Amino acid sequence: MICVPVMEATRKQTLQAIEKCARSADAIELRMDLMVDEDVAQLIAVARQTSANLKIIVTCRRKEESLIVRSGSIEEQKKTLTNAAKMALFRQAALAGADFIDIELAEGSRSIQEIKSFCRKHKSSTRIIVSWHDVFKTPSLVRLKEIFQACAQTGADIVKIVPYARSSADNLRVLKLIDYARQQGRDIIAMCMGEEGKISRVLALSRGSYVGFAVGTGGLSSAPGQLTIREMSQYQQLLQGHKRSSNHCYSSAEAQNFVLLGNPVRQSLSPLMHNTALEAMRIPGSYSAFCVSDLAAAIAGIRGMNIRGASVTIPFKTAVMEYLDEIDEDATALGAVNTIVNKAGRLFGYNTDWVGLMQALKDETDIAGKEFVVLGAGGAARAAAYGIIKEGGRPIIVNRTREKGQALAKHFDCPFYPLAQIGKIKAAGLINTTSVGMYPDINQSLAPPSAIAHYRIVVDVIYNPLKTKLLRDAEAKGCKILAGLEMFVRQGAAQLKLWTGREAPLELMKKTVRERLLNIES
Ligand code: ATR
């Protein structure tokens, strides 16, 4: 059973969210602690009208056990609801026909008993979930079992245990706890919160967790790490290998799922870009970001779950190479992989970073026979220099730290200049590969305006902001400019080509990412 939390702030939004969820989820969880002045009986009635089959969970979480808090005076009142007020709310929910009431172990076994006998007395079929959350960590398995027993001993119909995962090993503990509960014939809902806990959300359901929580389309997440309902459904089918007919789901044979491996990944725009493209290409599947701390386990997951492809980002682009079966010539030369293709269980590594940069640059200028200053000496500089040489041009490395710049220049047999001498260089183009000028430091640039006039084209690999200070200065000097967005979408399109063999909808991807960035900027 997949459940979507409903926690919208206004009444209108709440009703809209319930209607939306009723179409795609098996259950909704009414987070009464996050709603402003809602009438639980009325919400249950609306949900019942929308769908007779929809299961309804009512909860009123204590702020100590929730990672989501809202500001505002009414919210403050809600968050400090007394135990008596909560009990009154739960009694209303039982009378209104809630399928489940989720009450925290911390409310005390007396309160739990009280609500159970109220249900019995009123012949309510409401089942009681007794829950426990830790928003900071995952305790040992021994401790988790003790907590499980404490919840079970209150007479809970279902026990819910949700700690916060700090490492991927925490997920294993929670999965073992599910086995433990199931061996005793008990119903349990268990998973880990947090980015590190994402994998438990996928695996817990197939392990026997009674409910999995996901975010509805355009909805709000009630805990970090929640997957969308679409992703959750697809992973379930992948794991269970059974076909469902509803049109938002795909069979395991059809589904082509992709992941991003990095740390951190929270800010990444790749899921937005790739999911938009997959939908437009009518490819059944989705793309999800995973914050990884154990790279070997993540790669095993790609093999084990038949994930068709992956993007690899900071800090794993080099480290990932040792786990792959084959690496293409360009990625080997660059010493970095940003794309994995799973071909029937064999993992192939590629690099599309340099491809994206060169495709975007070639659209604007000739490269062969021309010189381009590459600002920086990290991975992005290496990709730029590599691409320029491949296209018959000549890089000139300019870097703050002499040793790093010289080493890169030596590798590519090209000139090096310290940053202080940037004003003296003349070349066809300038490519900034450093992070200087990136949000939030949007008024920084390594190249003084006087030095920029020397170039016909100025390129910045940064895409947030859409136009960096370097590009604004270059535009003011009459140079052609090329923004990082152009490279970002092209490297993404090249990944999709490798994964699916098909051309990606570049303009749509660009429009989607640009709109999101404009929203962030405004
Ligand atoms: P990536 O792999 O994404 O290119 P990186 O390896 O961290 O990232 O490289 C970043 C580059 O940006 C480096 O060349 C760095 O210069 P140093 O070699 O001197 O460290 C350059 N860089 C980052 N911040 C900088 C700053 N404030 N001023 C000048 N150069 C900077």
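The figures here come from the full heavy-atom set of this structure, side chains too, leaving out hydrogens, waters and symmetry mates. Counting from 1, the numbers follow the sequence of the chain as shown. Predicted model only: the values in this text are computed from it and were never measured. Each ligand, and each atom within it, is numbered from 1 in the order the structure gives.
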Applying side chain to side chain donor-acceptor pair (under 3.5 Å) to Glu231 and not counting sequence neighbours gives Thr228, Ser288

Minimal heavy-atom distance between Leu470 and Ala447, with the atoms involved, is CD1-CB, 3.8 Å

In short, salt bridge (Lys or Arg N to Asp or Glu O under 4.0 Å) pairs touching residues 500-509 with sequence neighbours left out are Lys497-Glu503, Glu507-Lys510

Met273 and Met509 have their tightest heavy-atom pair at CG-CE, 3.7 Å

Taken in chain and number order and not counting sequence neighbours, the residues that satisfy ring pair (Phe, Tyr, Trp, His ring centres under 6.0 Å) with Phe488 are Tyr463

May I have a table of the N/O to N/O pairs between ligand 1 and the protein that fall below 3.5 Å, each row giving the two atom names and the distance to 0.1 Å?
from: ligand 1; atom 1: 2 (O); to: Gly379; atom 2: N; distance (Å): 2.8
from: ligand 1; atom 1: 4 (O); to: Gly379; atom 2: N; distance (Å): 3.1
from: ligand 1; atom 1: 4 (O); to: Ala380; atom 2: N; distance (Å): 3.0
from: ligand 1; atom 1: 14 (O); to: Ala377; atom 2: N; distance (Å): 2.8
from: ligand 1; atom 1: 14 (O); to: Asn399; atom 2: OD1; distance (Å): 2.9
from: ligand 1; atom 1: 16 (O); to: Asn399; atom 2: OD1; distance (Å): 3.4
from: ligand 1; atom 1: 18 (O); to: Asn399; atom 2: ND2; distance (Å): 2.8
from: ligand 1; atom 1: 18 (O); to: Lys404; atom 2: NZ; distance (Å): 3.4
from: ligand 1; atom 1: 19 (O); to: Arg400; atom 2: NE; distance (Å): 2.9
from: ligand 1; atom 1: 19 (O); to: Thr401; atom 2: N; distance (Å): 3.1
from: ligand 1; atom 1: 19 (O); to: Thr401; atom 2: OG1; distance (Å): 2.4
from: ligand 1; atom 1: 20 (O); to: Arg400; atom 2: NH2; distance (Å): 3.0
from: ligand 1; atom 1: 27 (N); to: Arg400; atom 2: NH1; distance (Å): 3.4
from: ligand 1; atom 1: 28 (N); to: Arg400; atom 2: NH1; distance (Å): 3.4

Counting only heavy atoms not in Asp363, do more than 12 sit closer than 6.0 Å to its CG atom?
yes

